[in-house]
Amino acid sequence: MSRDPMEPVERSVSDAEAAAHGAQADPGVPGAAGAAGVPDGPGGAEAPFLELLARGASVEAYDRPVLLARAEGLPAERIAALEHAKRLALRVRSELEGRRRREAELSALFETAHDLAGLRDVDAVLQAIVQRARSLLGTDVAYLSLNDPVRGDTYMRVTEGSVAARFQQLRLGMGEGLGGLVAQTARPYVTDDYFRDARFRHTTTIDAGVSDEGLVAILGVPLMLGANVIGVLFAADRRARVFEREQIALLGSFAALAAAAIDTANLLTETRSALAGLERAHEIIQDRSAVIERASDVHDRLAELVLRGGGVHDVAAAVSQVLAGTVDFTEAAAAPAAALETSRAEGHAVRHEDDWIAAVTAGGELLGALVLRGHPGLDPVDQRTLERAAMVTSLLLLARRSAAEAEQRVRGELLDDLLDARDRDPRVLRERASRLRADLDATHVVLAARLEADAADADQEAAARRRLWSAAFHLAATRHGLAAARDGGTVLLLPLAPGDTATELAHRTARQLGTAVHEAVTVGASAPVRGPAAHPDAVVAAYEEGRRCVEALRLLGRCGDGAAAEDFGFLGLLLAGDRDVAGFVERTIGEVVSYDERRGTDLVRTLDAYFACGMSPARTKDDLHVHVNTVAQRLERVARLLGEDWQSPARALEIQLALRLHRLAARIPN
């Protein structure tokens, strides 16, 4: 298209004018002015045809001047001149129409190229190409198909003027139909009657679609990208038609633009995909950078925690802040067993439902777990951060265990010295105790603790004893007391808080130790010991008393319970190391004795007579020489002081023993 499109039209007009002037001037040409006397100028033979050219009349209108001349009987020379002028005018008209058509084609191609330059939507550009091709070629239908390299066929992409759904959804195999032939050979093909053309292979599916659309004449040109055919552009009519060479070339130009549009769209898609990939890579880099910064941050925090002696919960809190989640340290028994075992075996944090579990181990020992809660989508680097935190936690636990074991030895050695080396200097004992935050000048209770579960073998029994010792040490450390392993069990020296009793302390200790070791623990408590540092002998006696209480509880079937000597009534006299007779009398009938002393009543003598008379009020009133109602009133007062169960066999036996001891004590001079 390098040639100027205006040139043929201009040359044709000049030739027509020269021919007209030559006909007038040449005496040898019929109708020339010199021979026929036809006047020159606008009124000559050319005038009516110039007027027709000026108003763009149809081809049929150019026969009218000749017909009128014949009807008027003008001379033959005049008629011949008109015939000659008509031929020249028709040639000029044809050239003008060609010029206008080429202008329209060039304009359409220019607009298409402009659309292509501002490509935003490839479908819209292809639709515009098909519409313009149909308009310029004056066909009923125009459509475009593209090759599918995956399926090895070609499919309909854009249609214009189509009315049949089956036709719009056609797929053509390579070599099938006119379009398949064009796609296969990369050459344009045209047929003026599709169903009678045997140059290409007809198929039932394609023929049915073409029949539904009613197409007869079809022109197809290939869409080329380099040497490759990517599709076919078609123009078709529903009647027989011969497509001219210029029309084939025009459709080929549109096909080239369509191919360029598709190529541009593909490049844009690839570019956008590449840009999206770059953006994603940039996001990943930024995310990795943020994750690395978080990892560095948590590393610094964990290092600081280790250096300043932080605990496992401090580690969990630091990791929670970095991972923007909730991280907790849990004991091994509280963590999901399967996930914990997998984490321990693999050495990595594992997902459990919406949580992540990281085992805290030291060698082959499972110490617990770090649990990241409600955070199912964990980045690999963050996962590694959780694993590193679990490792730091295990180091802290080992360090704490080492410190605890050292403190256990120190506490145990101090208690052993109190029990074994009675000649120790109290001042030295106080100084050693103060370093352990224990006050040996305060009132303490000695507690003996024994496990009640039967171990299957010696190893299990030793492990159970270690658990009891560890739990007892922890309890002693938190209560500012001492603990030691002794005689197959554990002995504790715990301070007695104001308002507390040895019985209550024994109950609490049995419950706490049993919960810690998950087995029954029996605890016997001594009577309170004042100032153990100054009275080591009292500590030894208290320990023996606690051991006797343990044995008494086991004999009475109260394994796993805790009690003190005072809880066994008169048996407590046998269990207590110092045989506290006054204390037994006070605990048993002290309220009655105090009432008599304050009120001057005779309740103690009445109780003596009541038990001596076989607990008969009638015989008691005879022995006391009072009315039976008086006996009843006194016994009611005793019930209010001692409790309603004072006449039960066990209580009655203790009260009788206390009455006898009270009488004996009253007869012994001070």
Participant: In this structure, which one of Thr154, Val232, Asp153 forms a side-chain contact (heavy atoms from CB on, under 4.5 Å) with Leu172?
Facilitator: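 Of Thr154, Val232, Asp153, side-chain contact (heavy atoms from CB on, under 4.5 Å) with Leu172 is met by Thr154 alone.
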
Participant: Is there a side-chain contact (heavy atoms from CB on, under 4.5 Å) between Gln247 and Arg241? Walk through the geometry before answering.
Facilitator: CA-CA 12 Å; Gln247 293 173 326; Arg241 170 177 177 174; 2.8 Å; yes

Participant: Report the distance from atom CG of Leu215 to atom CG of Asp140, rounding to the nearest 0.5 Å.
Facilitator: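 So the gap between those two atoms works out to 8.0 Å.
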
Participant: With side chains defined as the heavy atoms from C-beta onward, is the minimum distance between Val130 and Thr159 less than 4.5 Å?
Facilitator: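 They are not in side-chain contact.
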
Participant: Working to the nearest 0.5 Å, report the span between CG of Leu492 and CG of Leu482.
Facilitator: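 CG of Leu482 is found 9.0 Å from CG of Leu492.
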
Participant: Is the closest side-chain heavy-atom distance between Leu257 and Arg132 below 4.5 Å?
Facilitator: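 No, every pair of side-chain atoms sits at 4.5 Å or beyond.
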
Participant: Does some side-chain heavy atom of Leu340 sit less than 4.5 Å from a side-chain heavy atom of Arg344?
Facilitator: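 No. Closest side-chain heavy atoms not under 4.5 Å.
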
Participant: Can you give me the closest heavy-atom contact between Val190 and Asp197, atom names plus distance?
Facilitator: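 Taking Val190 first and Asp197 second, the nearest heavy atoms are O-OD2, 4.3 Å.
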
Participant: Just so I know, are the side chains of Arg508 and Val523 near enough to count as touching, which here means a heavy-atom distance under 4.5 Å?
Facilitator: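 No, their side chains stay 4.5 Å or more apart.
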
Participant: Without swapping roles, check the side chain of Thr191 against the backbone of Ala217 for a donor-acceptor pair under 3.5 Å.
Facilitator: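 Answer holds: no.
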
Participant: Over all heavy atoms of both residues, which pair between Pro188 and Ile248 is shortest? Give the atoms and the distance, please.
Facilitator: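 Heavy atoms of Pro188 and Ile248 come nearest at CB-CG2, 4.4 Å.
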
Participant: Report yes or no: does Arg351 contribute a side-chain atom to a donor-acceptor pair with the main-chain N or O of Glu353 at less than 3.5 Å?
Facilitator: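 Judged by distance alone, yes, a pair lies under 3.5 Å.
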
Participant: Let me confirm one number: the OG-CZ distance from Ser273 to Arg280, rounded to the nearest 0.5 Å.
Facilitator: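 One finds 13.5 Å between OG of Ser273 and CZ of Arg280.
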
Participant: Is the Tyr143 ring parallel, tilted or perpendicular to the Phe234 ring (thresholds 30°, 60°)?
Facilitator: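 Taking Phe234 first and then Tyr143, their aromatic rings lie parallel (interplane angle under 30°).
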
Participant: Quick check: does any side chain N or O of Thr478 sit under 3.5 Å from a backbone N or O of His474, one acting as donor and the other as acceptor?
Facilitator: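 Here the side-chain-to-backbone pair exists.
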
Participant: Any ion pair linking Arg166 and Glu213 (charged N to carboxylate O, less than 4.0 Å)?
Facilitator: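 No.
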
Participant: Is there a donor-acceptor pair under 3.5 Å between the side chain of Ser135 and the backbone N or O of Gln131?
Facilitator: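 No: the side chain of Ser135 does not pair with the backbone of Gln131.
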
Participant: Please name the pair of heavy atoms, one in Pro222 and one in Ala255, separated by the smallest distance, quoted to 0.1 Å.
Facilitator: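 Pro222 and Ala255 have their closest heavy atoms at O-CB, 3.6 Å.
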
Participant: Passes side-chain contact (heavy atoms from CB on, under 4.5 Å), Asp439 versus His480? Steps please.
Facilitator: CA-CA 8 Å; Asp439 181 9; His480 305 296; over 6 Å; no

Participant: To the nearest 0.5 Å, what is the distance between OG (Ser145) and CZ (Arg157)?
Facilitator: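 Ser145 OG to Arg157 CZ: 11.0 Å, rounded to 0.5 Å.
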
Participant: Between Thr139 and Phe243, is there a side-chain heavy-atom distance shorter than 4.5 Å?
Facilitator: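 They are in side-chain contact.
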
Participant: Take Leu451 and Val517 through the test side-chain contact (heavy atoms from CB on, under 4.5 Å) and record every step on the way to the result.
Facilitator: CA-CA 9 Å; Leu451 281 169; Val517 301; 4.1 Å; yes

Participant: Just so I know, are the side chains of Ile129 and Val158 near enough to count as touching, which here means a heavy-atom distance under 4.5 Å?
Facilitator: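 Side-chain contact under 4.5 Å: no.
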
Participant: Does Thr342 reach the main-chain N or O of Ala338 with its side chain, forming a donor-acceptor pair under 3.5 Å?
Facilitator: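 At least one qualifying donor-acceptor pair exists.
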
Participant: Between Ser343 and His348, which heavy-atom pair has the shortest distance, and what is it?
Facilitator: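 Taking every non-hydrogen atom into account, OG-O, 2.7 Å.
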
Participant: Between Leu181 and Arg201, is there a side-chain heavy-atom distance shorter than 4.5 Å?
Facilitator: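 A side-chain contact under 4.5 Å is absent here.
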
Participant: Rounded to the nearest 0.5 Å, what separates atom CG in Asp237 from atom CZ in Arg134?
Facilitator: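 Rounded to the nearest 0.5 Å, the CG-CZ separation comes out at 9.5 Å.
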
Participant: Within a 6.0 Å radius of atom CZ on Arg196, are there more than 12 heavy atoms belonging to other residues, nucleotides or ligands?
Facilitator: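 Incorrect, the count does not exceed 12.
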
Participant: Taking all non-hydrogen atoms of both residues, which atom of Val521 and which atom of Ala449 are closest, and how far apart?
Facilitator: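 Minimum heavy-atom separation between Val521 and Ala449: CG1-CB, 4.0 Å.
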
Participant: Compare every heavy atom of Glu176 with every heavy atom of Ile206, then report the nearest pair and how far apart it is.
Facilitator: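 Reported closest heavy-atom pair: CD1-CB, 3.6 Å.
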
Participant: Go through the steps to decide whether Leu144 and Leu223 satisfy the test side-chain contact (heavy atoms from CB on, under 4.5 Å), and finish with yes or no.
Facilitator: CA-CA 9 Å; Leu144 182 146; Leu223 277 66; 3.8 Å; yes

Participant: Verify the neighbour count for atom CZ of Arg187: are there more than 12 heavy atoms of other residues, nucleotides or ligands below 6.0 Å?
Facilitator: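 No - once you tally the heavy atoms of other residues, nucleotides and ligands closer than 6.0 Å, there are 12 at most.
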
Participant: Determine the sole option in Val392, Ile357, Thr330, Val360 for which the side-chain contact (heavy atoms from CB on, under 4.5 Å) test with Leu370 is passed.
Facilitator: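 Answer after filtering Val392, Ile357, Thr330, Val360: Val360.
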
Participant: On the 0 to 90° scale, with breaks at 30° and 60°, tag the Phe195-His202 ring pair as parallel, tilted or perpendicular.
Facilitator: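 Rings of Phe195 and His202: parallel, under 30°.
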
Participant: Judged by atom type as modelled, is there a donor-acceptor pair below 3.5 Å linking the side chain of Asn147 to the main-chain atoms of Pro149?
Facilitator: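 A pair under 3.5 Å: no.
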
Participant: Please report the interatomic distance CG(Leu219) to CG(Leu233), rounded to the nearest 0.5 Å.
Facilitator: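 With rounding to 0.5 Å, CG (Leu219) is 8.0 Å from CG (Leu233).
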
Participant: Just wondering, do Glu160 and Val141 contact through their side chains at under 4.5 Å, heavy atoms?
Facilitator: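 With C-beta onward as the side chain, the pair stays apart.
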
